[in-house]
Amino acid sequence: MFKISLPDGSVREVPEGSTPADVAAAIGPGLAKAALAARVNGEVRDITRPFEEDAELALITARDEKDALELVRHDFAHVLAEAVQNLYPGTQITFGPATDDGFYYDFAPAPGRGPFTEEDLPAIEEEMRRVIARDELLIREVWQREDVRDFFRRTGETFKAEWVMELPEGKPITMYRSGQGDGKWLDLCRGPHLASTGKLDPQAFKLTRVSGAYWRGDPANPMLSRIYGTAWLNKKQLAEHLVRLEEATKRDHRKIGREMDLFHLQEEAHGSVFWHAHGFVIWRQLEAYMRRRIDEAGYEEIKTPQLMDARQWERSGHWGKYRENMFVVPDEVPGTDEAAPVLSGGADLMALKPMNCPGHVLVFKQGITSYKELPIRLYENGSCHRNEPHGALHGLMRVRQFTQDDAHIFCREDQIVEEARAFCALADRIYKDFGFTYSIKLALRPDNRFGSETDWDKAEAELRDAVVAAGMATPEFGWEELPGEGAFYAPKLEWHLTDAIGRTWQVGTIQSDRVLPERLDAVYVGEDGQRHRPVMLHRAIFGSYERFIGILIEHYAGRFPLWLAPVQAIVATIVSEADSYAGEVAAKLRAAGLRVDTDLRNEKINYKVREHSLAKVPLLLVVGKREAEEGTIAVRRLGSDERQQMMRLDEAIAAFAAEAVPPDLAPKQG
RNA sequence: GCCGCUUUAGCUCAGCUGGUAGAGCACAUCAUUCGUAAUGAUGGGGUCACAGGUUCGAGUCCUGUAAGCGGCACCA
């Protein structure tokens, strides 16, 4: 007999061979039906897997949403694999995990058949529903490694056969069998699974897309055909998720960028942004805002060359490691003779900077720096070019030419923690000004790295201490350490923003660097009169202006706060008799520093309201005969419930001007 | 870079099995002066991404190139 303790503190005795399902049945038929899996001594297990010892048991039902979703999604992946092999014999199965919103499974299509396409999805979905309808039992079996390998070799599953031999030797390996009869369908799987396919809601999933994916993530390996699905506990959750996807599509910065006339991209400069007047207003506001924040925080703004001799990039180490991403330019005047080649090919090479760090070191190195001057914080709106893999480009989020809010802090060892702490505080102020919440992660040493273990211990501790000193190493700030995620030369802190619809974006970062100061021989004179090596802290808060604006567009869904809105107000007339008054209103608002346009067109006010609402102008100021006579305006706010508010012109101007003040300049609220 | 898909007017899209291009919005002109999400009429506008090929004939079929989209890999 085993003693099974339940979450309510009660203990039940069960005979050997009993399963969590038996316990659930003993408690009541309702629970037996609702139970999906079991947490046994903290580990999620199949509900039909017998106890092996006395245990603490918690039954998992749909109410334990996180566990339940994970289980269900994993099961859907399993059902997908079974369905695909039913429909397309000869297809090999590989891996199929749960994801944040569903699952995927990677297949190697049968010889002669190409990858799956979207057109295959409806048929596969249908077959998946049949597998679910058959309510096949999912039975856990423990096999020997060689037996699994032999089985998969026999059935032509070379990927699975390869994989199983890399699992640790001697440990039992689990296979899951679907349905009854001899070997109907078997998959190598760690589990756990639900008791049967019928536990899945056939209306709670949808296959969403197909794509290629390298076997085990390595480009040297064959490309597999991946099928993605989204999966939920029930139909309602699925529907809600589809609505969220739709909402994200509506906020797509590429779409809003076109609608609001913010920027465009075109083939002739792919990966580089054409900023239109409206979009560049946002840029200028951000730039001005950042300058004020940087000035206040004791940085100095500099500007360094776009092009530098290739030899400088050799010294910095970029030529060796990063050249394939650099744009290289011959230092030569092109030939003007039409018959002759444009370039001789014999010129020295220069390169567009892919980052600002080496330039900042060169600025630091001018003259002799005393330890008393440190820290020196050099900031640049640094325009960089990187020849990114073409498949990586994406709207404003990943471009080939971008401007970083980049700074390098040159400091002494004993100043690192305080500088990093101050940076945490600065980042906090800035992100809050845009209404973001965020989490801070410490990316720790990767497998491939330079430097000794003691150096890494020290570098990691410095950043950790800084966050602790800032009081932010708490769950409230999403504090988390990520093993293996650091850069090869140093650990880094990362800021992950959460936007208005819950998506996360990694933007800010700070990392310590002892390599580049060494390579480029940056020194300062210490108290002892000797030369010392400064530490360099690389840091950014927006990441890049392009990407940050892209994130802001999606975060605000184009409805920018007044201080950032490209056009803050439109004065729209109802009748032409109000034209001159409208001009007067606009002039006064402009004099108060607001970005205002007039709309005097001979159109109905309905038309104007619609058009400017769609253009997401925050303030629509309507004037007709009445307003002109009374010296008032009718204010309609974008997204406001009340239709309009009558205001006296002078009051309105004062109110709007106050509202348009950037958050760092606004008087502190109580 | 890799896999798949896409590319027709400024935008969103339609053009079946090959027979020399169409809608709505936008734009222009005219009429309309109308109080909070589309006033009406008329009109202009396209080498169908680019380059080859098949064909009597290609937006439509084939090949290549480019860009875009969804992923993979990359993002020190």
Does the side chain of A/Y228 get closer than 4.0 angstrom to OP1 or OP2 of B/C72 through an N or O atom? yes
With a 4.0 Å cut-off on heavy atoms, is A/L614 in touch with a base, just the backbone sugar-phosphate, or nothing at all? base
What contact category does A/E627 fall into here, base, sugar-phosphate, or nothing, at under 4.0 angstrom with non-hydrogen atoms? base
What integer number of Å spans the C1' atoms of B/C2 and B/A38? 47 Å
Using a 4.0 Å heavy-atom cut-off, does A/H270 contact any base of the nucleic acid, only the sugar-phosphate backbone, or nothing at all? sugar-phosphate
So A/K604, base contact, sugar-phosphate only, or nothing? Heavy-atom distance under 4.0 Å. base
For residues 270-278 of chain A, dump all side-chain donor-acceptor pairs below 3.5 Å to protein atoms at least two apart in sequence or in another chain.
| residue | atom | partner | partner atom | Å |
| --- | --- | --- | --- | --- |
| A/H276 | ND1 | A/D261 | OD1 | 2.7 |
| A/H276 | NE2 | A/H264 | ND1 | 2.7 |
| A/H278 | ND1 | A/M260 | O | 3.4 |

Is A/R636 touching bases, backbone alone, or none of the nucleic acid, heavy atoms closer than 4.0 Å? base
Between A/R539 and A/D406, does at least one N-O distance fall below 4.0 Å, as a salt bridge requires? no
Partner of A/M536 by side chain to side chain contact (heavy atoms under 4.5 Å, CB included), out of A/C411, A/S512, A/P517: A/P517
Take atom P in B/G59 and the same atom in B/C50, then report the distance between them in whole Å. 11 Å
Within the structure shown, what part of the strands sits under 4.0 Å from A/K608 by heavy-atom distance: base, sugar-phosphate, or nothing? nothing
Which heavy atom of A/T598 sits nearest to which heavy atom of A/A586, and what is that distance? CG2-CB, 3.5 Å
Pairwise N/O distances under 3.5 Å, protein to nucleotides 6-8 of chain B:
none

Under 4.0 Å between a Lys/Arg side-chain N and an Asp/Glu carboxylate O for A/D218 and A/R216? no
Look at all strands and tell whether A/G114 reaches a base, only sugar-phosphate, or nothing, counting heavy atoms closer than 4.0 Å. nothing
Mind checking A/E259 for me? I need base, sugar-phosphate or nothing, with any heavy atom below 4.0 Å counting as a touch. nothing
Taking the same atom, C1', in B/C30 and in B/C13, what whole-Å distance lies between them? 30 Å
Looking at every strand, decide which applies to A/Y214 at a 4.0 Å heavy-atom threshold: base, sugar-phosphate, or nothing. base
Kindly say if A/R258 contacts the phosphate of B/U12, meaning a side-chain N or O under 4.0 Å from OP1 or OP2. yes
What contact category does A/Y607 fall into here, base, sugar-phosphate, or nothing, at under 4.0 angstrom with non-hydrogen atoms? sugar-phosphate
What contact category does A/R400 fall into here, base, sugar-phosphate, or nothing, at under 4.0 angstrom with non-hydrogen atoms? nothing
Residue A/M223, side-chain atoms from C-beta onward, closest of B/C3, B/G70, B/U33: B/C3
Between B/C48 and B/G52, how far is it from one P atom to the other, in whole Å? 13 Å
I'd like to know if A/R398 reaches the base of B/C74 with its side chain, counting only an N/O donor and acceptor under 3.5 Å. yes
Angle class for the A/Y322/A/H318 ring planes (parallel below 30°, perpendicular above 60°, tilted otherwise)? perpendicular
Mind checking if A/I574 touches a base, just sugar-phosphate, or nothing, with heavy atoms under 4.0 Å? base
Between B/G53 and B/A58, how far apart are the two P atoms, rounded to whole Å? 12 Å
Answer with yes or no whether the side chains of A/S439 and A/E480 bring together a donor and an acceptor at under 3.5 Å. no
When the C1' atoms of B/U65 and B/G1 are compared, how many Å lie between them, rounded to an integer? 16 Å
Can a side chain N or O of A/R254 be found less than 4.0 Å away from OP1 or OP2 on B/C69? yes
Ignoring the backbone of A/V575, work out which of B/C75, B/U33, B/U36 is nearest its side chain. B/U33
Anything under 3.5 Å between a donor and an acceptor, one on a side chain of residues 553-560 of chain A, the other on a protein residue two or more places apart or in another chain? List them.
| residue | atom | partner | partner atom | Å |
| --- | --- | --- | --- | --- |
| A/E554 | OE1 | A/R503 | NH1 | 3.0 |
| A/E554 | OE1 | A/R503 | NH2 | 3.0 |
| A/E554 | OE2 | A/H253 | N | 2.8 |
| A/E554 | OE2 | A/H253 | ND1 | 2.8 |
| A/H555 | ND1 | A/A500 | N | 3.0 |
| A/H555 | NE2 | A/F434 | O | 3.0 |
| A/Y556 | OH | A/F434 | O | 3.2 |

Can you tell me if A/H394 touches the phosphate of B/G70, counting only side-chain N or O atoms and a distance under 4.0 Å to OP1 or OP2? yes
Mind checking the P distance from B/G44 to B/U29? Whole angstroms is fine. 15 Å
Have a look at A/P219 and say if it touches a base, only the backbone sugar-phosphate, or nothing, with a 4.0 Å heavy-atom cut-off. sugar-phosphate
Is A/Y489 touching bases, backbone alone, or none of the nucleic acid, heavy atoms closer than 4.0 Å? sugar-phosphate
From C-beta outward on A/S211, which listed nucleotide comes closest to its side chain: B/G4, B/G70, B/U33? B/G70
